[in-house]
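Read the structure below first, then the notes.
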Amino acid sequence: MNILLLGKDGQVGWELQRSLATLGNVTACGRREADMEDFAGLRRLVNQTRADVIVNAAAYTAVDKAESDADTARRVNTDAVGVLAEEAGKRSAWLIHYSTDYVFDGRKNGAYSEDDACNPLSVYGSTKLAGEALIQAAHNRFMIFRTSWVYGSRGSNFAKTMLRLAQERDQLRVVSDQHGVPVSAEMIADVTALALHQAVRGQGGDSVSGIYHLASEGETNWHGYARYVLELAQAKGMRLKVQPDAIEPISTADYPVPAFRPQNSLLNTAKLQEAFGLQLPDWKFHVQRLIDELYPESHG
């Protein structure tokens with residue numbers, strides 16, 4: 001099985017290089033090898049690699065910048081995705097794609113299911129939703145995984161930023177009225193490989209095509225997430241200028257940014273767990289793994 005992986009240098013893409021390696025011959029491409037704005041180049045790449053599976057972990061993820069750079073966000077998150085869907089359809093290849101909680105407005109009480117109405121309130125969310133629609137219109141052999149609050153040991157993310165700032169600053173203020181769960185890039189990659197294996201080699205086949213919500217169990221907010229990360233790091237011996245219980249909770253209104261953030265990013269994963277026989281871990285499990293990886297030994 002020939003697998004074309006796009007976005008290899010991102011948090012999820014980096015982990016996918018590991019998880020997909022057991023399934024077939026992986027051609028992993030980053031920005032140097034695959035320009036997501038070069039649509040003719042993307043078409044050539046799909047054909048040159050004779051892709052049986054296209055895994056698209058590439059995206060325009062600068063949420064705030066997208067508000068003033070909508071054209072680029074649309075080319076990468078929508079138009080390029082449409083090209084990949086067309087090429088996958090021509091080859092009857094599987095297309096694996098990642099989307100976001102930002103397709104929702106965040107106003108629902110409780111976790112969002114896959115059939116809840118979408119209402120993105122940012123350029124990023126709108127372009128990601130449009131990409132989803134192009135996949136569904138062009139091809140019937142796909143899996144779209146919507147996820148949220150992604151983090152990993154590679155690249156920049158909220159957890160690593162909090163760790164750095166807690167060592168540099170005397171005060172930390174973190175939003176406490178946006179709810180969701182952190183989702184590990186490692187878990188996303190592992191679930192992807194398992195789902196793809198069942199689709200291609202197991203009993204799933206085309207029947208597992210569709211949109212799935214992929215997130216950890218449990219619930220927190222950004223303030224609670226930051227506090228937990230610092231508690232784990234402190235237990236490892238990290239010297240912090242800001243103690244975990246000294247992080248100041250603030251409201252979204254106190255931290256204005258260009259792009260709207262959903263107040264509720266909780267995703268119901270029942271469909272995913274039932275389709276693939278999964279039991280997903282609590283969000284704290286992989287956060288602990290992250291801290292263990294970043295700080296394997298105690299800091300004196």
Should [X] and [Y] count as side-chain neighbours, where that means a heavy-atom distance under 4.5 Å?
X    : Y    : value
I188 : F145 : no
R173 : Y255 : no
F104 : P262 : no
F276 : V191 : no
Q17  : W14  : yes
I96  : V53  : yes

Any side-chain donor near an acceptor of the partner, [X] and [Y], under 3.5 Å:
X    : Y    : answer
D69  : T72  : yes
Q178 : T252 : yes
E217 : Q279 : no

Any donor and acceptor pair, going by atom type alone, linking the side chain of [X] with main-chain N or O of [Y] inside 3.5 Å?
X    : Y    : answer
R91  : D52  : no
N119 : D105 : no
T220 : V181 : no
E248 : V174 : no
R141 : S92  : yes
N264 : A111 : no

For the pair [X] and [Y], find out whether any cationic side-chain nitrogen is under 4.0 Å from an anionic carboxylate oxygen.
X    : Y    : result
R74  : D71  : yes
D9   : R32  : no
R43  : E86  : yes
K241 : E168 : no
D101 : R261 : no
E15  : R154 : no
K128 : E132 : no

When clusters are formed from ILVMFWY side-chain contacts under 4.5 Å, directly or step by step, what else is grouped with F285? none
Going by chain and number, the hydrophobic cluster around M36 (ILVMFWY, side chain to side chain under 4.5 Å) further includes L4, L6, F39, L42, L45, V46, I54, Y60, V76, V81, V83, L84, L95, I135, F142, I144, I211
If the test is ring pair (Phe, Tyr, Trp, His ring centres under 6.0 Å), which one of W222, Y151, W149 qualifies with F158? W222
Would S209 and D206 count as a side-chain hydrogen bond (donor to acceptor under 3.5 Å, both in side chains) here? Give the steps. CA-CA 5 Å; S209 290; D206 291 3; 5.1 Å; no
Given the side-chain rings of Y102 and F260, with only the six-membered ring counted for Trp, is the space between their centroids under 6.0 Å? no
What about the rings of H223 and Y228, do their centers lie closer together than 6.0 Å? no
Step-by-step side chain to side chain contact (heavy atoms under 4.5 Å, CB included) determination, Y98 to N56: CA-CA 7 Å; Y98 301 92; N56 181 35; 5.9 Å; no
Atom [atom1] of [X] with >12 non-hydrogen neighbours under 6.0 angstrom:
X    : atom1 : value
R164 : CZ    : yes
R50  : CZ    : no
R18  : CZ    : yes

Would L214 and T269 count as a side chain to side chain contact (heavy atoms under 4.5 Å, CB included) if you check the C-alpha gap in whole Å, the side-chain angles of each, and the deciding distance to 0.1 Å? CA-CA 6 Å; L214 201 178; T269 62; 5.8 Å; no
If you apply the rule side chain to side chain contact (heavy atoms under 4.5 Å, CB included), what do you find for R75 with T127, and how did you get there? CA-CA 9 Å; R75 284 196 296 273; T127 58; over 6 Å; no
Quickly, which of R107, K271, K108 forms a salt bridge (Lys or Arg N to Asp or Glu O under 4.0 Å) with D116? Name it, please. K108
Using the side chain to side chain contact (heavy atoms under 4.5 Å, CB included) rule, take L16 and K8 through it: C-alpha gap first, then chi angles, then the decisive distance, then the call. CA-CA 7 Å; L16 283 165; K8 71 171 185 178; over 6 Å; no
